[in-house]
Amino acid sequence: EAEREQVAALYEELSPVAVPVLLGGPASLDSPAGRRLGSTDRDIAGRVNGRWDVASIALACPLREVETLKSLRKLVRLGLVELLER
């Protein structure tokens with residue numbers, strides 16, 4: 001139940017229909033902020049294609065939904081990903 005609450009809170013911050021876009025393209029992962037990413041965050045960043053919305057990425061990723069959403073939130077907070085509302 002605690003995980004469901006976390007997922008709900010994350011979806012309040014990251015709209016499930018918003019489309020994440022990698023700012024600066026793949027090269028941004030070599031920036032100072034990008035170098036702070038772990039392998040999980042890099043994997044999620046690799047799934048950001050400018051077409052899939054947050055919910056689609058969460059469903060397509062083999063990680064738990066809560067982990068995927070936390071990683072997306074981190075990418076947004078680091079300024080590597082922008083969420084575009086549809």
Worksheet item: About how many Å separate OG of Ser71 and CG of Leu10, when rounded to the nearest 0.5 Å?
Response: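 Rounded to the nearest 0.5 Å, the CG-OG separation comes to 11.0 Å.
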Worksheet item: CD1/Ile44 to CG/Leu22 distance, rounded to the nearest 0.5 angstrom?
Response: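 With rounding to 0.5 Å, CD1 (Ile44) is 12.5 Å from CG (Leu22).
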Worksheet item: Of all heavy-atom pairs between Val81 and Pro20, which one has the smallest distance, and what is that distance?
Response: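 For Val81 and Pro20, the tightest heavy-atom pair comes out as CG1-CB, 3.6 Å.
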Item to complete: Considering non-hydrogen atoms only, spot the tightest contact between Leu14 and Arg73 and give its length.
Response: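 Between these two residues, the closest heavy atoms are CD1-N, 3.8 Å.
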Discussion item. Checking Tyr11 against Glu65: is there a side-chain donor and acceptor pair closer than 3.5 Å?
Written reply: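 The answer is yes; a qualifying pair exists.
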Worksheet entry | Polar contact flag, side-chain donor to acceptor under 3.5 angstrom, Asp43-Thr40 |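 No - no donor-acceptor pair under 3.5 Å links their side chains.
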Worksheet item: Does Leu37 share a hydrophobic cluster with Val21, counting links as ILVMFWY side-chain heavy atoms below 4.5 Å and allowing steps through other members?
Response: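 Looking at the clustering, Val21 is in a separate group from Leu37.
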Fill in: Donor-acceptor pair, side chain of Arg47 and main chain of Ala58, under 3.5 angstrom
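A pair under 3.5 Å: no.
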Is there side-chain contact between [X] and [Y], with at least one heavy-atom pair below 4.5 Å?
| X | Y | answer |
| --- | --- | --- |
| Ser15 | Glu85 | yes |
| Val54 | Val17 | no |
| Leu80 | Leu23 | no |
| Thr68 | Ile57 | yes |

Item to complete: Test Asp41 against every option in Lys70, Arg36, Lys74 by the side chain to side chain donor-acceptor pair (under 3.5 Å) rule and name the one that passes.
Response: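 That would be Lys74.
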Item to complete: Would you check, one step at a time, whether the test side chain to side chain contact (heavy atoms under 4.5 Å, CB included) holds for Val48 with Leu72?
Response: CA-CA 9 Å; Val48 172; Leu72 273 173; 4.1 Å; yes
